[in-house]
Amino acid sequence: MEIVVFDTNVLIDDPKAPLKFPDSLVVIPRIVLEELDKLKTGKDGNVRRMSRLASNLIDGLSEEHQDKINIPLENGSFIRVESGYMTEFESSEPDKPDNKIISVALGYAKNREEGETVTLYSNDTNVRVVARQLAKDNFPELLSQLPLKAKAYEQIDSSLHDISSGVTDLIISDVEMSFIRKNNYLDYDLPYLNGEHLMLQGESNPQGNTALAQWDAVQGKILLLPDYKKGDVIWNIGGGQQGSSPVRPRDSRQAFLAHDILNPDKHLHFVLSRVAGAGKNFITTACGLKLLKDGHYDRLLVIKPMVSVDGQDLGYLPGDKSEKLAPFFESFNDTIIELTNDRGLGYDLEARIELDVVTHMRGRSIPRTIIIIDEAQNFSSDALKTLLTRAGEDTKIIIMGDLSQIDNLRLDAGNTGLRVWADRARHHETGYANSTYILLDSNFRSELSAWASSFYE
């Protein structure tokens with residue numbers, strides 16, 4: 001097991017750093033908490049904010065596991081707030097915070113068990129230099145493999161890079177391509193997860209002879225999909241009146257998404273992105289309104305996580321329920337305005353749309369409803385389970401979120417409930433056959449927005 005010791009500056013740079021070292025013991029020296037406490041009232045606004053976030057994360061975890069010295073995390077790691085284990089070394093300033101942090105790392109290195117290594121993460125150059133020299137002085141017989149290392153911390157969320165797209169390119173023979181275009185299916189044996197989208201390419205002309213398809217593991221067939229970029233429109237902005245414009249997918253992944261949601265045989269949809277402006281809300285809401293308008297469902301229910309406003313609980317905000325909820329659903333209302341050209345949906349549709357937060361869902365049973373769970377990247381696995389178990393007969397659930405915009409301090413792109421349940425649903429043996437999954441990865445908002453989103457790493 002790797003033992004990781006953090007300097008204060010690491011938590012100021014990334015308050016979620018303790019969650020990003022799987023299968024490790026993450027050590028927070030007590031002096032680090034003391035420094036964070038001082039920084040919470042400092043002059044630099046960003047440092048104040050980051051120190052509060054780091055303190056709140058550690059406080060929440062320790063409160064949840066008050067009976068444990070080592071606090072367990074979902075990634076197999078443990079966090080420990082360390083008051084002792086310090087090994088003193090000669091210094092003109094032994095009580096200096098930097099030296100106390102180094103002494104904790106040195107103490108763990110001296111008391112390590114076989115196979116354990118200790119790494120001190122610090123963005124202070126001199127702290128790293130001193131720690132490395134102390135490692136050489138204290139372990140001269142282990143110079144080739146010192147048990148104490150010191151590294152700078154780089155904030156990289158590698159879990160954003162290993163996300164399945166839900167789309168696979170598949171080259172088939174020209175005969176097979178002709179058959180599927182004529183019959184809308186092709187008997188095939190594929191090792192893919194159920195619901196995998198396929199970009200079919202004809203063998204003789206892979207770039208020019210293409211088609212959208214989906215692997216149906218239940219039937220053991222490839223099913224041809226309609227291309228909404230070229231065919232039927234999803235929705236008409238302005239309700240089809242003069243001056244209205246059709247809503248169509250902008251790329252193949254949005255086309256896959258539209259087909260998934262409009263498919264009456266699919267009841268659970270995971271819509272992920274890792275860039276802003278990918279069109280999740282726009283396409284999903286347009287499809288939801290179409291299904292509602294066509295009478296396939298009785299209601300459209302949009303649910304969001306409970307994110308506090310200025311640190312206040314929903315109950316403390318002024319106004320009735322609709323007024324309290326208004327700040328949480330501005331993005332949804334903006335989408336409705338865009339889809340109606342600010343003309344409104346009309347009473348019949350508007351009366352069948354409900355907006356709510358997750359805190360009001362427990363105990364409910366919700367039949368014949370389209371449930372859109374927005375910003376699901378901020379839900380834990382348990383919270384999403386609560387929502388999934390609300391589904392009644394003939395209910396469709398759409399779970400969507402942007403993995404690059406996680407605000408919940410206990411979650412990251414690897415352990416968010418959005419990703420956990422998406423992986424469970426897609427499993428070829430234990431998954432849910434009537435589910436779909438797609439990752440949207442293009443920004444259509446603007447050239448500037450696309451450039452900024454490209455730095456998700």
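Excluded from the calculations below are hydrogen atoms, water molecules and symmetry mates; all remaining heavy atoms, backbone and side chain alike, are included.
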What pairs with His269 under ring-ring contact (aromatic ring centres under 6.0 Å, His included), at least two apart in sequence or on another chain?
none

Check this for me, if you would: do Asp382 and Lys385 make a salt bridge, where the nitrogen-to-carboxylate-oxygen distance has to be below 4.0 angstrom?
no

Does any part of the side chain of Ile372, heavy atoms only, come nearer than 4.5 Å to the side chain of Leu301, both counted from C-beta?
no

Indicate yes or no for a side-chain donor-acceptor contact from Ser449 to the backbone of Ser446 under 3.5 Å, with no hydrogens or angles considered.
no

Could you tell me if Thr168 and Glu196 have a donor-acceptor pair between their side chains, going purely by distance under 3.5 Å?
yes

Are Asp216 and Lys221 close enough for a salt bridge, meaning some N to O gap below 4.0 Å?
no

Under 3.5 Å, side-chain donor or acceptor atoms of residues 68-78 against the rest of the protein: list the pairs with distances, not counting sequence neighbours.
from  : atom 1 : to    : atom 2 : distance (Å)
Asn70 : OD1    : Arg80 : NE     : 2.7
Asn70 : OD1    : Arg80 : NH2    : 3.1
Asn75 : OD1    : Ser77 : N      : 3.1
Asn75 : OD1    : Ser77 : OG     : 3.4
Asn75 : ND2    : Leu19 : O      : 2.9
Ser77 : OG     : Phe21 : O      : 2.3
Ser77 : OG     : Asp23 : N      : 2.9
Ser77 : OG     : Ser24 : N      : 2.9
Ser77 : OG     : Ser24 : O      : 3.4

Under 6.0 Å from the NZ atom of Lys149, do we count more than 12 heavy atoms belonging to anything else shown?
no

Do you know the tightest heavy-atom contact between Ile370 and Leu292?
CD1-N, 4.2 Å

Apply side-chain contact (heavy atoms from CB on, under 4.5 Å) to Thr117 and Ile3, showing your working.
CA-CA 6 Å; Thr117 59; Ile3 299 172; over 6 Å; no

Flag yes if more than 12 heavy atoms outside Arg181 fall under 6.0 Å of its CZ atom; otherwise flag no.
yes

Do the side chain of Asn333 and the main chain of Phe329 share a donor and acceptor less than 3.5 angstrom apart?
yes

Test Leu439 against Arg253 for side-chain contact (heavy atoms from CB on, under 4.5 Å), laying out the working first.
CA-CA 8 Å; Leu439 172 70; Arg253 294 198 189 183; 4.2 Å; yes

Has the side chain of Thr416 got a donor or acceptor atom that lies under 3.5 Å from a matching backbone atom of Ala413?
no

Quick one: does Thr335's side chain get under 4.5 Å of Ile337's, heavy atoms only?
no

Ring centroid separation Phe282 to Phe444 under 6.0 Å
no

Take atom CG in Asp67; do more than 12 heavy atoms of anything else shown fall under 6.0 Å from it?
yes

To check you understand the geometry: which heavy-atom pair defines the closest contact between Cys287 and Ala258, and what is its length?
SG-CA, 3.8 Å

Before accepting this row, confirm whether a basic side-chain N of the pair Lys290/Asp294 lies closer than 4.0 Å to the acidic partner's carboxylate O.
yes

Which atom names give the shortest non-hydrogen contact between Asn263 and Asp265, and what distance separates them?
OD1-N, 2.9 Å

Between Leu418 and Leu272, is there a side-chain heavy-atom distance shorter than 4.5 Å?
yes

Would Val118 and Val5 satisfy side-chain contact (heavy atoms from CB on, under 4.5 Å), going step by step from the backbone distance to the final call?
CA-CA 7 Å; Val118 181; Val5 181; 4.2 Å; yes

Report the distance from atom CG of Leu198 to atom CG of Leu186, rounding to the nearest 0.5 Å.
10.0 Å

Under the salt bridge (Lys or Arg N to Asp or Glu O under 4.0 Å) criterion, do Arg352 and Asp348 qualify, and how do the steps go?
CA-CA 7 Å; Arg352 295 158 63 193; Asp348 179 58; 3.5 Å; yes

Taking Asp14 first and then Lys20, would you say they form a salt bridge - that is, a charged N and a carboxylate O separated by under 4.0 Å?
yes

Between Thr284 and Asn281 (side chain of the first, backbone of the second, donor and acceptor by atom type, cut-off under 3.5 Å), is there such a pair?
no

Counting distance only, does the side-chain N/O of Ser122 pair as donor-acceptor with the main-chain N or O of Val127 below 3.5 Å?
no

Can you find a heavy atom in the side chain of Glu176 that is under 4.5 Å from one in the side chain of Glu203?
no

Using only atom types and a distance under 3.5 Å, with no angle test, would you say the side chain of Asp7 pairs donor to acceptor with the backbone of Val10?
no

Mutual orientation of the aromatic rings belonging to Tyr121 and Tyr153 [parallel < 30°, tilted 30-60°, perpendicular > 60°]:
perpendicular

With heavy-atom distances below 4.5 Å as the criterion, would you say the side chains of Ile353 and Phe332 are in contact?
yes

With a 3.5 Å distance limit and no angle check, can you tell me whether Arg368 reaches the backbone of Glu393 through a side-chain donor-acceptor pair?
no

Compare all side-chain heavy atoms of Tyr185 with those of Phe179 and state whether any distance is below 4.5 angstrom.
yes

Trace of the side-chain contact (heavy atoms from CB on, under 4.5 Å) decision for Leu190 with Ile222
CA-CA 9 Å; Leu190 291 173; Ile222 297 176; 3.9 Å; yes

Could you tell me whether Glu350 atom CD has more than 12 heavy atoms of other residues or ligands within 6.0 Å of it?
yes

Roughly how far, to the nearest 0.5 Å, is the OG1 atom of Thr210 from the CE atom of Met177?
6.5 Å

Answer yes or no: is there an ion pair linking Glu354 with Arg364, defined by an N-O contact shorter than 4.0 Å?
yes

Give me the one residue out of Asp124, Ile101, Leu33 that meets side-chain contact (heavy atoms from CB on, under 4.5 Å) with Thr8.
Ile101

Atom pair CD1 (Ile398) and CZ (Phe270), whose distance is rounded to the nearest 0.5 Å:
11.5 Å

I would like to know whether Lys304 and Ser331 meet side-chain hydrogen bond (donor to acceptor under 3.5 Å, both in side chains); could you show each step before the answer?
CA-CA 11 Å; Lys304 284 199 173 189; Ser331 60; 2.8 Å; yes

Which of parallel (below 30°), tilted (30 to 60°) and perpendicular (above 60°) describes His197 and Phe256?
tilted

Out of curiosity, Leu268 CG to Thr395 OG1, how far, rounded to the nearest 0.5 Å?
12.0 Å

Answer yes or no: is there a donor N or O on one side and an acceptor on the other, between the side chain of Asn443 and the main chain of Ala276, under 3.5 Å?
yes

Hey, could you give me the CD1/CG distance between Ile79 and Leu25, rounded to the nearest 0.5 Å?
9.5 Å

Measure from NZ or CZ of Lys293 to the centre of the six-membered ring of Trp235, then state whether that distance is under 6.0 Å and the direction lies within 45° of the axis.
yes

Heavy atoms only: give me the nearest Ser365-Pro367 pair and the separation to one decimal.
O-CD, 3.4 Å

Is the backbone of Arg250 close enough, under 3.5 Å, to the side chain of Gln254 for a donor and an acceptor to pair up by distance?
yes

Is a donor on one side and an acceptor on the other found under 3.5 Å between the side chain of Asn56 and the backbone of Arg52?
yes

Do the non-hydrogen side-chain atoms of Asp402 and Lys280 ever get within less than 4.5 Å of each other?
yes

Less than 4.0 angstrom from a charged side-chain N to a carboxylate O is my criterion; do Asp441 and Arg274 meet it?
yes

What are the two closest heavy atoms between Lys266 and Lys396, and how far apart are they?
O-NZ, 2.6 Å

Less than 4.5 Å apart, side chain to side chain, heavy atoms only: is that true for Thr369 and Leu300?
no

NZ/NE/NH1/NH2 to OD/OE distance under 4.0 Å, Glu82 and Arg30
no

